[in-house]
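Taking it in order: structure first as structure tokens, then the write-up.
Chain letters run A, B, ... following the sequence lines, proteins first and then strands; every chain starts at 1. These numbers come from the heavy atoms of this one structure, side chains and all, not from hydrogens, waters or symmetry mates.
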Amino acid sequence: MLIATFNINGTNARLPRLLEWLEEAKPDIACLQEIKTMTENFPVDVLRGAGYHCLVHGQKGFNGVAILSREPATEVQRGLPGDDSDEQSRYLEADVMGVRVASIYLPNGNPVPGPKFDYKLAWMERLRRHAAGLLATGLPVVLAGDYNVIPNDDDIWDASAMRDDALRQPESVAAYRQLLWQGWTDAVRSLHPLGGVWSFWDYQAGAWPRDHGFRIDHLLLSPAAADRLADAGVMKHVRGAEKASDHAPAWVRLR
DNA sequence: ATGCCGTGATAGTCACGA
């Protein structure tokens, strides 16, 4: 069972690449982020034609997450609990093929310091609380998405780069570790413990040809899911396509 | 120190990203 997470950076701009990738990789479940379109404008008919059911939590212009699945999915949670005033579409959770899956687009948080960084840390605290409840169910759970956190020095091409960025702030890293310490397994990290695996390369400054990337797209597995972990990685070649997203899909295969 | 590039909303450039 192949579960992937892919920040597509805009549905309209990326649909041809998304369809190519689905045809090539054939994920059973694909968690998408930054769909950047309203729910009603997401191309559900085109994707149904490509063999996928869609759950969509969209928003005009920014953010937006979706869960694509070969088998029908049952929506469990739309939006991250814990703040009724939060109108940003960054969380969607569903049951698919016996697994609880979430598509997560964690706030970027720049600039630091500032209200956006405060929002990021508050959002991570809400996620930590919600994730504790998920662990308590004992279900196989996969929290997949763009976490906008670079967890370790070897998760980036140059450990001194991004030091002042929200993605590498000690508070961001600490919040990510707190989440892990609840009992989650970072699937890609567990299969590549020495690091050196990137999931994002900036469009600017020749980051892709220079391989100046870092890892911010993660799949966190509950114990019941980690027991079934067979393999995990990043589909790096996807980033090399024409008109590619700046992210590549990260994935996990469960037995 | 800032922009680089890219996307979307909008009809100017601007917000936002990472």
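Between dA18(B) and N110(A), no contact under 4.0 Å exists linking OP1 or OP2 to a side-chain N or O. For Y105(A) and dA18(B), the shortest distance from a side-chain N or O to OP1 or OP2 is below 4.0 Å. The shortest distance between the side-chain N/O atoms of H247(A) and the OP1/OP2 oxygens of dG17(B) is not below 4.0 Å. At dT7(B), none of the side-chain N or O atoms of K60(A) fall inside 4.0 Å of OP1 or OP2 (strictly under the cut-off). Residue K36(A) places no side-chain N or O under 4.0 Å from the OP1 or OP2 atom of dA9(B). OP1 and OP2 of dG6(B) both lie 4.0 Å or more from every side-chain N or O belonging to K243(A). Contact annotation: R90(A) side-chain N/O to dG17(B) OP1/OP2 distance is under 4.0 Å. Within the 4.0 Å cut-off from OP1 or OP2 of dA18(B), at least one side-chain nitrogen or oxygen of N7(A) is found. The side chain of N148(A) contributes an N or O atom lying less than 4.0 Å from OP1 or OP2 of dA18(B).
Rounding to whole angstrom units, CG of residue D146(A) and C1' of dC16(B) are separated by 14 Å. dC16(B) atom C1' lies 14 Å from atom NZ of K120(A), rounded to whole Å. The CD atom of Q169(A) sits 13 Å away from the C1' atom of dA18(B) (whole-angstrom rounding). Between the CG atom of N12(A) and the P atom of dA9(B) there is a distance of 7 Å, rounded to whole Å. A straight line from CZ of F200(A) to C1' of dC5(B) spans 10 Å, rounded to a whole angstrom. For the pair D202(A) CG and dC5(B) P, the computed distance is 10 Å after rounding to whole Å. To the nearest angstrom, P of dG17(B) lies 10 Å from CD of Q59(A). Atom-to-atom, CG of N63(A) to P of dA9(B) comes out at 12 Å; the value is rounded to the nearest Å.
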Stepwise, does the salt bridge (Lys or Arg N to Asp or Glu O under 4.0 Å) test hold for D158(A) with R210(A)? CA-CA 12 Å; D158(A) 178 347; R210(A) 295 173 187 211; over 6 Å; no
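Scanning atom types as modelled, no donor and acceptor separated by under 3.5 angstrom connect the side chain of D165(A) and the base of dA18(B).
Closest contact between the side chain of F62(A) and the listed nucleotides dA15(B), dC4(B), dT7(B) involves dA15(B). Side-chain proximity of N108(A) to dA18(B), dC4(B), dG6(B): nearest is dA18(B).
Both Y147(A) and L135(A) belong to a single network of hydrophobic side chains, linked directly or stepwise wherever heavy atoms of I, L, V, M, F, W or Y lie under 4.5 Å apart. Hydrophobic clustering of Ile, Leu, Val, Met, Phe, Trp and Tyr side chains at less than 4.5 Å, counting indirect connections, keeps F117(A) apart from M162(A).
To the nearest whole angstrom, the two P atoms, one in dA11(B) and one in dC5(B), are 26 Å apart. dA1(B) sits 23 Å from dA15(B) when the P atoms are compared, rounded to a whole Å. The P atoms of dC4(B) and dT13(B) are separated by 15 Å, rounded to the nearest whole Å. dC16(B) and dT10(B) have their C1' atoms separated by 15 Å, with the value rounded to a whole Å. dG12(B) and dT2(B) have their P atoms separated by 29 Å, with the value rounded to a whole Å.
The main-chain N or O of L106(A) is found under 3.5 Å from a side-chain atom of N148(A) such that the two form a donor-acceptor pair.
The shortest distance between side-chain heavy atoms of Q59(A) and E87(A) does not fall below 4.5 Å.
In this structure, E34(A) and M38(A) both approach DNA chain B, and ranking their closest nucleotides by distance from the 5' end singles out M38(A).
Taking the six-membered ring where tryptophan is involved, the planes of W201(A) and W208(A) are perpendicular, since the angle between them exceeds 60° and thus also 30°.
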